[in-house]
2 protein chains.
Amino acid sequence: MASPQRIESAMREAIRQGQGRGVGTRTRLAAALDYAVTPGGARIRPTILMSVAMACGDDRPALTDAGAVALELIHCASLVHDDLPMFDDADLRRGKPALHRAFSQPIALLAGDSLIVMAFEVLARAGAADPGRALAMIGVLGKRTGMPFGICAGQGWESEEVIDLSAYHQAKTGALFIAATQMGALAAGQESEPWEELGARIGEAFQVADDLRDALCDEATLGKPAGQDDLHGRPNAVRELGVRGAVARLDDILAGAISSIPKCPGEGQLAQMVRAYASRLVPAAARDRLLMPGE
Amino acid sequence: MASPQRIESAMREAIRQGQGRGVGTRTRLAAALDYAVTPGGARIRPTILMSVAMACGDDRPALTDAGAVALELIHCASLVHDDLPMFDDADLRRGKPALHRAFSQPIALLAGDSLIVMAFEVLARAGAADPGRALAMIGVLGKRTGMPFGICAGQGWESEEVIDLSAYHQAKTGALFIAATQMGALAAGQESEPWEELGARIGEAFQVADDLRDALCDEATLGKPAGQDDLHGRPNAVRELGVRGAVARLDDILAGAISSIPKCPGEGQLAQMVRAYASRLVPAAARDRLLMPGE
């Protein structure tokens with residue numbers, strides 16, 4: 001299994017490099033870089049990336065680490081930008097004030113920009129020993145972050161009068177999970193294509209689980225405002241299928257994810273990881289509701 | 001000399017790729033990508049990059065093109081983000097409404113993010129034939145864009161109570177000119193280090209010229225609001241040295257730039273290019289003022 005210590009240590013080193021030495025380390029922007037990535041939360045995307053790389057042999061661990069860090073930096077950047085008043089106007093993130101509340105909007109925008117850039121820099125730095133693999137990882141990360149298929153495109157759909165729901169979900173939530181499985185495979189010298197479906201299905205599962213959490217949990221449990229989808233009129237699996245239907249859908253998706261895992265040395269362990277996520281993904285509140293009569 | 005047609009054609013192709021095919025091409029974000037990079041203005045950074053690559057032999061023209069595009073995309077992204085109300089609150093850019101005025105703030109933020117990502121993607125795509133060179137170019141572009149040495153760091157200084165003027169200028173204006181000379185050299189298979197000074201000096205010259213324009217030109221000539229430095233209390237060479245002093249300083253810097261050009265096949269032509277910029281950089285209004293008695 002991928003280890004949280006391995007991810008955190010690689011994250012700390014990347015932030016330290018981004019903060020630099022000397023006078024620049026004392027700036028508010030340098031402090032904001034650290035604030036944006038701590039505390040870490042579940043680090044679910046880098047964990048998946050690392051698990052896939054390990055299932056494929058992990059023969060270039062420095063590239064795996066760089067991939068995991070790069071992906072998490074992009075994810076953190078998207079949270080910082082999405083929390084801004086012009087989007088979600090969130091006060092809280094991971095149980096503490098959102099970055100633009102703790103610092104300022106300009107610093108939040110620049111921290112997000114800097115984290116995006118840092119993601120690609122981390123891969124460029126780690127790639128010297130195998131530029132071909134690193135470049136392929138950069139290509140995948142770029143595709144799943146920017147336009148027209150990445151999380152930027154996904155967020156962009158929220159500015160359209162008519163939303164293409166399938167494109168919206170795939171880009172907004174699915175993209176970084178596809179990046180996770182594909183970059184993990186690339187880091188270990190495998191082709192990326194066979195790993196797209198696993199990432200896409202994990203992304204779908206995560207979206208449904210998020211909808212369940214958003215519908216059932218309170219602010220204290222989430223560490224961020226609850227009921228945001230209802231508030232913003234965003235599509236939501238619980239509204240469409242009910243709690244019981246959404247949980248059944250989640251189980252279906254995860255079964256599909258497991259059967260999509262490509263042949264590789266660590267295939268069995270990877271299936272186990274997905275199963276472990278399955279039980280963690282469904283919030284206890286949802287399982288409780290399923291046991292109640294009449295739901 | 002680098003040709004404007006070569007740069008524009010490479011820019012168009014990158015934007016077309018970013019807009020994608022199918023439903024996503026009709027989104028506001030897709031339209032904003034094109035809006036952000038047109039009309040092109042002087043394309044001074046990609047022109048310098050291409051000129052250096054050509055002076056060094058330009059043996060991988062696809063990499064040179066990708067480098068030029070990537071650098072200009074980063075520059076355009078920085079203009080879009082800097083124009084937002086939380087920074088300069090600019091109404092005009094290149095003679096038309098700033099992107100957040102023509103679209104919206106969310107679209108402007110996402111367009112900037114997407115252009116940043118696209119810059120790295122363009123290099124990853126073009127690099128397959130020579131991953132080592134492409135990766136080095138990505139490293140330089142990242143360093144000169146993000147933290148702690150890039151334009152993000154430069155913009156970040158404006159949020160500090162005490163500004164380190166030297167770090168501010170080097171990062172805010174100089175960084176992308178250093179990227180231009182270094183990426184141009186790398187695209188043609190040369191080491192990047194010997195090219196740092198030329199980029200830094202061109203950047204300094206550009207900053208002084210910008211100060212002259214900001215102090216002397218009106219809004220119609222600039223295509224953006226004039227007198228912004230005075231308004232925002234930013235450091236300015238004209239305020240420190242007067243118009244005559246600033247023009248003399250500009251001439252000094254450009255002489256230094258020319259003498260810093262590393263040995264290469266196209267050394268003479270490159271010196272000519274810098275001289276050509278020198279005469280274009282100083283606005284006519286400033287030269288006119290120098291001819292008036294008493295200034």
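Note on naming: letters A, B, ... go to the chains in the order of the sequence lines (proteins, then strands), and numbering restarts at 1 for each one.
- Using a 4.5 Å heavy-atom threshold, the side chains of B/Ile151 and A/Asp113 count as separate.
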Residue pair B/Met86, A/Met86: steps toward the side chain to side chain contact (heavy atoms under 4.5 Å, CB included) verdict: CA-CA 11 Å; B/Met86 66 175 83; A/Met86 66 175 83; 3.7 Å; yes

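- Here the straight-line distance linking atom OG of A/Ser159 with atom CD of B/Gln105 works out to 11.5 Å at 0.5 Å rounding.
- No other option in B/Ser114, B/Gly132, B/Gly156 has as many heavy-atom pairs under 4.5 Å with chain A as B/Ser114.
- With a 4.5 Å cut-off on non-hydrogen atoms, B/Leu135 touches chain A through its backbone and its side chain both.
- Between chain B and the residues A/Leu109, A/Val140, A/Ile138, A/Leu123, the most heavy-atom pairs under 4.5 angstrom are made by A/Leu109.
- Only the side chain of A/Leu33 comes within contact range of chain B, with heavy atoms under 4.5 Å apart.
- Judged by distance alone, with hydrogens and angles left aside, the side-chain atoms of A/Glu160 form no donor-acceptor pair with the main-chain N or O of B/Thr27 at under 3.5 Å.
- Between chain B and the residues A/Arg133, A/Arg125, A/Lys143, the largest count of heavy-atom pairs under 4.5 Å involves A/Lys143.
- With a 4.5 Å cut-off on side-chain heavy atoms, B/Leu110 and A/Phe87 count as touching.
- Environment of CD in A/Glu13: crowded, with over 12 heavy atoms of neighbouring residues, nucleotides or ligands closer than 6.0 Å.
- The most heavy-atom pairs under 4.5 Å with chain B, out of A/Pro106, A/Ser78, A/Gly146, come from A/Pro106.
- The shortest heavy-atom contact between A/Pro148 and B/Gln19 is CB-O, 3.8 Å.
- Proximity to chain A is limited to the side chain of B/Leu84, based on heavy atoms less than 4.5 angstrom apart.
- A heavy-atom distance below 4.5 Å is not found between the side chains of B/Ile116 and A/Phe120.
- Heavy-atom distances place the backbone of B/Ala128, and not its side chain, under 4.5 Å from chain A.
- Within the model, atoms CE of A/Met147 and CD1 of B/Ile15 stand 9.5 Å from one another, a figure rounded to the nearest 0.5 Å.
- Neither the backbone nor the side chain of B/Ile74 comes within contact range of chain A; no heavy atom of the residue lies under 4.5 Å from a heavy atom of that chain.
- Residue B/Gln17 touches chain A through its backbone alone, counting heavy-atom pairs closer than 4.5 Å.
- Taken to the nearest 0.5 Å, the CE atom of B/Met118 stands 12.0 Å off from the OG1 atom of A/Thr145.
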